[in-house]
Q: 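Okay, here's the structure, questions in a sec.
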Amino acid sequence: MSKFDEIRYFYDQEVNEKLESIARDPMMKALMSFTFPDTDEQVWLEQFKDVHSISDFQHQFVAYAVRQILAKSSEGLTTSGFDKLDKNTSYLFISNHRDIVLDTSLLNLVLLESGLIMTASAIGDNLVRKNFLNVLAKLNRNFLVQRGLSLRDQLTSSQSMSEYIKEQLLQDNRSVWIAQREGRTKNGNDATQQGVLKMLAMAAGDHQSLTDYFKALKIVPISISYEYDPTDSLKMPQLLAQHRDEEYIKGKNEDFTTMLSGILGQKKRIHLHAGDVIDAELDDIAATIDNKNKQLQAIAQVIDRSIISNYKLWPTKYIAYDLLHNTDTYASEYTEQEKQLFIRRLEMRIDPSDPVSKEYFLAMYANPLVNKLKLEEGL
């Protein structure tokens with residue numbers, strides 16, 4: 001028994017049995033048919049018998065699935081910054097969060113192909129209520145963030161997760177991925193929630209300063225940029241409900257539908273950038289700020305600056321900005337064909353005659369550019 005049993009991913013000795021328990025699930029058949037379309041079911045069922053670790057499963061099956069997703073729903077993945085990372089060092093990757101499954105899956109594919117340490121990744125337990133998804137997530141080294149708890153239980157859960165992340169990074173030399181905020185960014189404004197950093201800091205203990213502890217975690221901000229957001233129209237109902245000051249209640253299978261749309265929907269080009277390890281900035285914060293909450297605020301700003309400044313701006317961001325402001329300021333950044341394709345997408349995915357829907361849809365794409373401009377003006 002481990003004190004982390006409620007949230008941890010599987011130990012290697014559990015992997016074979018857990019994989020066999022879902023091997024004949026119809027969803028596994030669908031996943032394997034997608035990943036290996038020309039392979040008979042019996043072949044991969046036999047191969048499963050030889051899988052005895054998470055590493056086996058990721059190398060032999062998950063990496064192929066992610067490459068298939070890229071081949072069928074994108075125009076390719078590019079990266080930058082990963083060459084500065086050390087192959088034997090574990091990092092705490094904190095990224096902007098656009099897609100439930102792909103953000104972490106793409107990062108891990110890049111880490112795998114670069115020979116870097118792959119991550120244990122945080123996932124909300126609300127997303128893996130179905131047994132198949134729960135087992136699959138833990139086979140892929142996901143640990144659970146417990147949602148919908150009372151305030152008291154939330155505190156206990158946060159403490160446990162903080163200690164688990166510390167153990168992964170500092171004892172097991174395992175990298176960790178966590179999103180900069182709870183839930184995906186719906187409006188394109190990527191901002192680190194102080195609460196996420198507060199949770200991470202809970203395991204620091206009384207013998208170490210907050211900034212020294214965060215230095216030990218080796219935080220690397222990750223900027224993920226999709227040319228097209230495959231779930232753009234699915235984010236609209238929540239944005240419109242907020243606009244009308246209405247409570248938004250998720251549909252029964254909404255999370256699952258969003259997961260599938262994110263995986264299979266068209267993304268066009270994708271870029272991942274690994275920022276520099278946050279280190280000297282933490283010394284500056286320690287030297288100039290005493291208050292712990294203000295230190296957390298300052299660290300959040302450092303992460304935000306890295307994510308926003310290294311975010312790859314695809315033509316869709318410039319097109320959306322010009323359409324939103326009725327201008328051609330950035331016309332040199334895209335072709336007329338790219339503009340028409342984007343307009344056609346907008347017209348197919350929302351009601352273009354509704355000015356509020358149109359504004360929110362365009363802002364979702366334009367905001368990364370707006371935020372980058374604000375950052376540059378502030379420098």
Side-chain angles (χ1 to χ4, degrees), residues 6-12 14-74 97-109 112 118-148 177 179 183-184 229-231 233-234 250-267:
E6 280 192 32
I7 63 169
R8 69 172 177 83
Y9 55 85
F10 295 134
Y11 299 130
D12 281 346
E14 298 171 308
V15 164
N16 190 264
E17 183 194 337
K18 297 295 185 183
L19 180 56
E20 289 293 336
S21 77
I22 58 166
R24 296 181 186 278
D25 190 291
M27 289 176 81
M28 180 60 88
K29 188 172 182 178
L31 177 64
M32 288 295 111
S33 299
F34 174 81
T35 307
F36 304 106
D38 303 320
T39 304
D40 188 74
E41 183 179 343
Q42 277 311 119
V43 174
W44 51 259
L45 281 171
E46 277 301 310
Q47 289 172 339
F48 280 178
K49 291 175 184 173
D50 296 326
V51 174
H52 294 281
S53 68
I54 286 180
S55 183
D56 288 349
F57 186 59
Q58 289 183 320
H59 282 72
Q60 294 170 35
F61 297 97
V62 180
Y64 286 93
V66 179
R67 289 188 194 109
Q68 278 285 56
I69 290 165
L70 283 171
K72 292 186 176 181
S73 70
S74 81
H97 190 24
R98 297 301 172 82
D99 187 88
I100 295 168
V101 175
L102 278 192
D103 291 351
T104 176
S105 299
L106 294 175
L107 171 63
N108 271 310
L109 182 66
L112 173 69
M118 292 169 73
T119 71
S121 304
I123 189 168
D125 65 357
N126 57 303
L127 303 173
V128 290
R129 298 249 191 260
K130 291 177 168 49
N131 179 61
F132 172 81
L133 295 175
N134 190 290
V135 173
L136 187 66
K138 291 177 181 178
L139 283 169
N140 201 28
R141 210 179 272 118
N142 286 288
F143 59 94
L144 304 182
V145 181
Q146 295 170 301
R147 303 273 194 233
W177 175 91
R184 294 164 303 130
D229 181 343
T231 61
S233 59
L234 297 177
K250 281 185 182 180
K252 192 184 169 200
N253 288 314
E254 187 170 328
D255 285 331
F256 185 65
T257 306
T258 302
M259 268 196 249
L260 279 183
S261 300
I263 291 166
L264 301 173
Q266 178 54 240
K267 291 160 272 289

Q: Measuring from atom CD1 of Ile22 to atom CZ of Phe132, what distance do you get when rounded to the nearest 0.5 angstrom?
A: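 Nearest 0.5 Å value for the CD1-CZ distance: 5.0 Å.
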
Q: Compare all side-chain heavy atoms of Leu45 with those of Met32 and state whether any distance is below 4.5 angstrom.
A: no

Q: Got Phe36 and Val43 here, is their nearest side-chain heavy-atom distance under 4.5 Å?
A: no

Q: Of all the heavy-atom pairs spanning Leu133 and Met27, show the shortest one and how long it is.
A: CD2-CE, 4.2 Å

Q: Taking side chain to side chain contact (heavy atoms under 4.5 Å, CB included) as the test, write out the residues that go with Asp50, two or more places apart.
A: none

Q: If we count only N and O atoms by modelled type, under 3.5 Å, do the side chains of Ser53 and Ser55 hold a donor and an acceptor together?
A: no

Q: Heavy-atom count check: over 12 atoms from other residues, nucleotides or ligands less than 6.0 Å from Tyr64 OH?
A: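 Counting neighbours around OH of Tyr64, 12 or fewer heavy atoms of other residues, nucleotides or ligands fall under 6.0 Å, so no.
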
Q: So which atom in Ala120 and which in Tyr9 form the shortest heavy-atom distance, rounded to 0.1 Å?
A: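 Shortest heavy-atom separation between Ala120 and Tyr9 comes out as CB-CE2, 3.7 Å.
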
Q: What are the two closest heavy atoms between Pro37 and Phe34, and how far apart are they?
A: CD-O, 3.7 Å

Q: Roughly how far, to the nearest 0.5 Å, is OG of Ser33 from CH2 of Trp44?
A: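 Output value for this atom pair is 6.5 Å.
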
Q: Could you check if a side-chain atom of Lys138 sits within less than 4.5 angstrom of a side-chain atom of Asn134, using non-hydrogen atoms only?
A: yes

Q: Nearest heavy-atom pair of Ser73 and Gln266: which atoms, and what distance?
A: O-OE1, 3.3 Å

Q: Distance check, rounded to the nearest 0.5 Å: Thr104 atom OG1 versus Ile123 atom CD1?
A: 8.5 Å

Q: Asn140: what forms a side chain to side chain contact (heavy atoms under 4.5 Å, CB included) with it, not counting sequence neighbours?
A: Gln58, Val62, Asn142

Q: Please collect all salt bridge (Lys or Arg N to Asp or Glu O under 4.0 Å) contacts where either partner lies in residues 18-28, sequence neighbours excluded, each pair once.
A: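 Output for this query is empty, none listed.
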
Q: Should Asp103 and Arg98 count as side-chain neighbours, where that means a heavy-atom distance under 4.5 Å?
A: yes

Q: Between Glu41 (side chain only) and Lys29 (backbone N and O only), is there a donor and an acceptor less than 3.5 Å apart?
A: no

Q: Hey, what do you get for CG (Leu102) to NE2 (His97), rounding to the nearest 0.5 Å?
A: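 Reported value, rounded in 0.5 Å steps: 11.0 Å.
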
Q: Could you give the distance from OG (Ser121) to CG (Leu144), rounded to the nearest 0.5 Å?
A: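 So the OG of Ser121 and the CG of Leu144 are separated by 12.0 Å.
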
Q: On a heavy-atom basis, which atom in Pro230 and which in Ser261 lie closest, and how many Å separate them?
A: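 Looking at all heavy atoms of both residues, the closest pair is CB-O, 3.5 Å.
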
Q: Let me confirm one number: the CG-CD distance from Asp125 to Glu6, rounded to the nearest 0.5 Å.
A: 9.5 Å

Q: Kindly indicate whether the side chain of His59, heavy atoms from C-beta on, has any atom under 4.5 Å from the side chain of Leu112.
A: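 Heavy-atom side-chain distance check passes, below 4.5 Å.
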
Q: Can you sort out the partners of Leu19 under side chain to side chain contact (heavy atoms under 4.5 Å, CB included), two or more places apart, ordered by chain and number?
A: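 Here the qualifying residues are Met28, Phe48, Val51, Phe57, Leu139.
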
Q: Quick check: do Asp56 and Val15 have side-chain heavy atoms less than 4.5 Å from each other?
A: no

Q: Mind checking salt bridge (Lys or Arg N to Asp or Glu O under 4.0 Å) for Asp99 and listing every partner two or more places apart, or none if nothing turns up?
A: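 For Asp99, no residue satisfies salt bridge (Lys or Arg N to Asp or Glu O under 4.0 Å) once neighbours in sequence are set aside.
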
Q: Scan side-chain atoms only and decide if Gln47 and Gln60 contain a donor-acceptor pair under the 3.5 Å cut-off.
A: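 Gln47 vs Gln60: no donor-acceptor pair found between side chains.
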
Q: Scan side-chain atoms only and decide if Ser74 and Lys267 contain a donor-acceptor pair under the 3.5 Å cut-off.
A: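 Side-chain D/A pair, Ser74 to Lys267: absent.
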
Q: Could you tell me whether the side chain of Val101 reaches within less than 4.5 Å of the side chain of Leu127, counting heavy atoms only?
A: no

Q: Is it true that a side-chain atom of Thr231 and a backbone atom of Leu234 form a donor plus acceptor pair closer than 3.5 Å?
A: no

Q: Taking side chain to side chain contact (heavy atoms under 4.5 Å, CB included) as the definition, give me every residue that meets it alongside Val145, ordered by chain and number, with sequence neighbours left out.
A: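 Partners of Val145 by the side chain to side chain contact (heavy atoms under 4.5 Å, CB included) criterion, ordered by chain and then number, come out as Ala122, Arg147, Met161.
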
